*Asks:* 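This is the structure I want to talk about, given as structure tokens.
Just so we're on the same page: letters track the sequence lines, and every chain starts at 1. These numbers were taken from a predicted model, which means no experiment stands behind them.
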Protein chains: 2
Amino acid sequence: MAVSATRQPLSRTPVSDTPEAGDAGERKPEVPETGVRGRTRRAILAAAASVLARDRGATLADIAEAAQVGRSTLHRYFPDRQDLLNATVADSFRVVERSIAAAAIDQGPPLEAMRRLITAMVDVGDRLAFLFGDPRVLEESNACFEPDTFEPDRTVPTALSLIERGQAEGVFDPQVSAEWIQQMLYAITYTGWEAAEKGLLPRHGVTSTVIRTFENGLTARS
Amino acid sequence: MAVSATRQPLSRTPVSDTPEAGDAGERKPEVPETGVRGRTRRAILAAAASVLARDRGATLADIAEAAQVGRSTLHRYFPDRQDLLNATVADSFRVVERSIAAAAIDQGPPLEAMRRLITAMVDVGDRLAFLFGDPRVLEESNACFEPDTFEPDRTVPTALSLIERGQAEGVFDPQVSAEWIQQMLYAITYTGWEAAEKGLLPRHGVTSTVIRTFENGLTARS
DNA sequence: TCATTATGGGACGCCGATGTCCCAAAAACA
DNA sequence: TGTTTTTGGGACATCGGCGTCCCATAATGA
């Protein structure tokens with residue numbers, strides 16, 4: 001993995017690259033994205049995230065096959081490999097953000113909020129694995145983020161803010177940096193996802209195990 | 001990363017592919033591996049582990065450059081990319097095993113043994129990052145391991161045995177599987193190495209932070 | 001049913017990484 | 001110093017993934 005969530009990327013807002021969503025940004029005089037196109041597009045994006053999460057360096061043919069789509073069709077939607085990568089990053093961000101937003105981690109006791117956050121993260125495990133599994137995925141797609149469009153406040157409450165709030169309230173370990181806790185949050189979640197992936201952990205047990213490890217570590221509680 | 005330490009690979013013994021070490025296995029009628037050859041060979045292997053740990057998919061030219069060696073020289077020592085990969089895996093195993101062996105994790109209280117183990121693992125962080133950073137690295141080099149040469153008993157005491165011993169003595173969490181603890185052991189160590197790698201954590205603080213997180217998790221202790 | 005749109009697969013050229021070969025220069029050794 | 005070993009870099013062919021183009025076919029929808 002790498003689980004490198006530097007620069008709390010969840011607080012960055014991707015440049016409008018989501019055609020089917022709101023059309024606030026620029027003119028979209030292209031085909032109004034009929035239902036068919038939207039469906040194939042989403043299928044490709046989902047397949048890309050899923051395949052790349054399990055195998056970085058997967059070929060475009062692999063992704064097309066996973067999406068049950070011809071390689072030409074894939075190229076028709078995403079001319080470049082980089083285009084596909086950027087779009088998949090942006091799409092995965094939206095999926096993850098939506099899941100996290102539903103957890104309302106800025107409300108309630110930090111410990112419970114963290115449990116909701118972990119649950120939300122495990123739910124979108126493959127997207128997280130894609131986004132943070134390889135540091136380069138994010139770095140290379142950084143180009144598609146507008147450095148000016150920083151709106152860290154108007155965005156989804158970040159994990160980091162929850163961590164800092166928890167530390168301030170004496171719930172999370174104040175001896176280590178908030179960034180470390182964030183890194184470990186991703187690392188533990190990723191490990192849980194991976195363990196389930198290879199059958200080492202039952203799917204339904206991932207969340208509780210991750211939460212348990214996050215809160216107690218790996219020694220026995222007295 | 002991936003931190004996939006399935007099948008407790010540290011208990012497997014690679015097929016004799018270490019020319020400069022003992023010559024117990026087979027006839028080695030080749031050049032008796034003079035000092036020069038040994039040094040360049042080790043330089044290449046170290047560079048390969050280091051570079052590949054930080055960038056899977058690094059090119060052979062990258063590795064040669066990092067080893068301060070011409071690309072032809074690299075090919076002279078390792079004709080194939082796969083050859084280099086296998087040799088680097090075997091070499092990294094030896095380095096890691098040696099470091100772990102020095103920790104004598106089969107002696108003393110489990111908690112202290114674990115602290116020594118973590119210290120030893122952090123010391124060879126880049127080797128671990130190479131070995132477990134990408135599940136495929138190990139899978140693909142599995143071919144160079146003799147399935148018959150299984151000697152799980154005569155080998156270095158494994159982390160798993162320490163974990164099981166600790167669980168039996170009520171020191172490590174008995175509610176989760178030993179395999180999960182092992183996975184997390186690699187994951188936390190890897191995260192610490194990576195954090196230091198990107199300057200997020202001071203080098204000297206990695207070990208203590210990893211130990212702290214392993215033992216206590218990320219919530220504040222009462 | 002008919003026109004439009006989307007799809008899949010094949011053919012092709014391109015390019016970077018790989019692996020091989022060769023030779024002159026540098027280093028090691030006697 | 002002279003011989004042998006080792007090295008680095010260039011030249012070359014190969015291979016696989018990528019990106020483009022084209023066309024017959026299937027799906028959509030009016």
Side-chain angles (χ1 to χ4, degrees), chain A residues 19-20 28-89 134 136-137 140-141 143-144, chain B residues 19-20 28-48 50-52 54-89 134 136-137 140-141 143-144:
Chain A
E20 74 269 6
K28 292 278 182 184
E30 306 157 5
V31 189
E33 195 75 11
T34 162
V36 187
R37 292 193 65 89
R39 227 175 303 126
T40 21
R41 182 189 164 88
R42 276 190 297 275
I44 293 176
L45 289 177
S50 173
V51 169
L52 290 175
R54 290 164 180 79
D55 175 18
R56 305 169 267 294
T59 176
L60 290 185
D62 295 335
I63 298 174
E65 185 186 358
Q68 291 180 310
V69 150
R71 196 169 68 93
S72 2
T73 303
L74 191 151
H75 266 112
R76 201 167 284 129
Y77 281 79
F78 307 96
D80 231 70
R81 181 187 176 92
Q82 195 57 42
D83 287 336
L84 173 61
L85 230 42
N86 291 341
T88 308
V89 167
D134 187 352
R136 301 181 171 280
V137 171
E140 288 170 3
S141 75
C144 76
Chain B
E20 74 270 5
K28 291 278 180 181
E30 306 159 4
V31 189
E33 195 76 11
T34 162
V36 187
R37 291 192 68 89
R39 227 173 304 126
T40 21
R41 182 189 163 87
R42 277 190 295 275
I44 293 176
L45 289 177
S50 173
V51 170
L52 290 174
R54 291 165 180 77
D55 175 18
R56 306 170 265 291
T59 177
L60 290 185
D62 295 336
I63 297 174
E65 184 185 359
Q68 290 179 311
V69 149
R71 196 168 68 94
S72 1
T73 303
L74 190 152
H75 265 111
R76 202 167 284 131
Y77 281 79
F78 307 97
D80 231 71
R81 181 188 177 91
Q82 194 57 42
D83 287 336
L84 174 60
L85 230 43
N86 292 341
T88 308
V89 167
D134 187 352
R136 300 182 174 278
V137 171
E140 288 171 3
S141 75
C144 77

*Asks:* Quick one: A:Leu60 CG to D:dT20 P, roughly how many Å, whole number?
*Replies:*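 Interatomic distance, CG of A:Leu60 to P of D:dT20: 11 Å.
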*Asks:* With a sphere of 6.0 Å drawn around CD of B:Gln82, does it hold more than 12 non-hydrogen atoms of other residues, nucleotides or ligands?
*Replies:*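 Enclosed: over 12 neighbouring heavy atoms sit under 6.0 Å from CD of B:Gln82.
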*Asks:* Rounded to whole angstrom units, what separation is found between the NE2 atom of A:His75 and the P atom of D:dC18?
*Replies:* 7 Å
*Asks:* Pairing donors with acceptors under 3.5 angstrom, does anything connect the side chains of A:Ser72 and A:Arg76?
*Replies:*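 A:Arg76 and A:Ser72 do not have a side-chain donor-acceptor pair below 3.5 Å.
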*Asks:* Would you say B:Asp80 and B:His75 make side-chain contact, with heavy atoms under 4.5 Å?
*Replies:*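 SC-SC contact between B:Asp80 and B:His75 ruled out.
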*Asks:* In whole Å, I'd like the distance from the CG atom of B:Leu74 to the P atom of D:dT7.
*Replies:* 11 Å
*Asks:* What does B:Gln68 touch in the nucleic acid at a heavy-atom separation under 4.0 angstrom: a base, only the sugar-phosphate, or nothing?
*Replies:*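 The answer is sugar-phosphate, as B:Gln68 gets under 4.0 Å only of primed atoms, P, OP1 or OP2.
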*Asks:* D:dC21 phosphate, OP1 or OP2: any side-chain N/O from A:Ser72 under 4.0 angstrom?
*Replies:*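 No, because none of the side-chain N or O atoms of A:Ser72 sits under 4.0 Å from OP1 or OP2 of D:dC21.
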*Asks:* If you look at every heavy atom in A:Ile44 and A:Ala67, which pair is closest and at what distance?
*Replies:*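 Heavy atoms only, the tightest pair is CA-CB, 3.9 Å.
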*Asks:* Describe the nucleic acid contact of B:Gln82 in one word from base, sugar-phosphate, nothing, applying a heavy-atom distance below 4.0 Å.
*Replies:* nothing
*Asks:* Using whole Å, what does the distance between atom P of nucleotide D:dG19 and atom CG of A:Leu85 come to?
*Replies:*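 Taking CG of A:Leu85 and P of D:dG19, I get 11 Å after rounding.
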*Asks:* Where each residue is assigned the nucleotide of DNA chain D containing its nearest heavy atom, which of A:Ala61 and B:Gly70 is assigned the position nearer the 5′ end?
*Replies:* B:Gly70
*Asks:* Atom CG of B:Leu52 and atom C1' of C:dA17: how far apart are they, to the nearest Å?
*Replies:* 14 Å
*Asks:* Output the rounded distance in Å from CD1 (A:Ile44) to C1' (C:dG8).
*Replies:*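 Between C1' of C:dG8 and CD1 of A:Ile44: 12 Å.
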*Asks:* For B:Arg76 and B:Arg81, find the nucleotide of DNA chain C closest to each by heavy atoms; which residue's nucleotide sits nearer the 5' end?
*Replies:*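 Per heavy-atom nearest nucleotide, the more 5' residue is B:Arg81.
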*Asks:* Should B:Thr73 be listed as having a side-chain N or O under 4.0 Å from OP1 or OP2 of D:dT6?
*Replies:*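 So the side chain of B:Thr73 is outside the cut-off, no N or O lying under 4.0 Å from OP1 or OP2 of D:dT6.
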*Asks:* Under 4.0 Å, heavy atoms only, any strand: does B:Thr59 hit a base, just the sugar-phosphate, or nothing?
*Replies:* sugar-phosphate
*Asks:* Calculate the interatomic distance between B:Arg39 atom CZ and C:dC29 atom C1'; express it in whole Å.
*Replies:*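 In whole Å, C:dC29 C1' lies 13 Å from B:Arg39 CZ.
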*Asks:* Could one point to a donor on the side chain of A:Arg71 or the base of C:dG10 with an acceptor on the other under 3.5 Å away?
*Replies:*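 Between C:dG10 and A:Arg71, which were checked side chain against base, a qualifying N/O pair under 3.5 Å is absent.
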*Asks:* Can you check whether A:Tyr77 has a side-chain N or O nearer than 4.0 Å to OP1 or OP2 of C:dA6?
*Replies:*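 It does not, given that no N or O in the side chain of A:Tyr77 lies less than 4.0 Å from OP1 or OP2 of C:dA6.
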*Asks:* Report the distance from atom CD1 of A:Ile63 to atom C1' of D:dG17, rounded to the nearest whole Å.
*Replies:* 12 Å
*Asks:* Run the side chain to side chain contact (heavy atoms under 4.5 Å, CB included) check on A:Val137 and A:Arg56 step by step: do they pass?
*Replies:* CA-CA 9 Å; A:Val137 171; A:Arg56 305 169 267 294; 5.7 Å; no
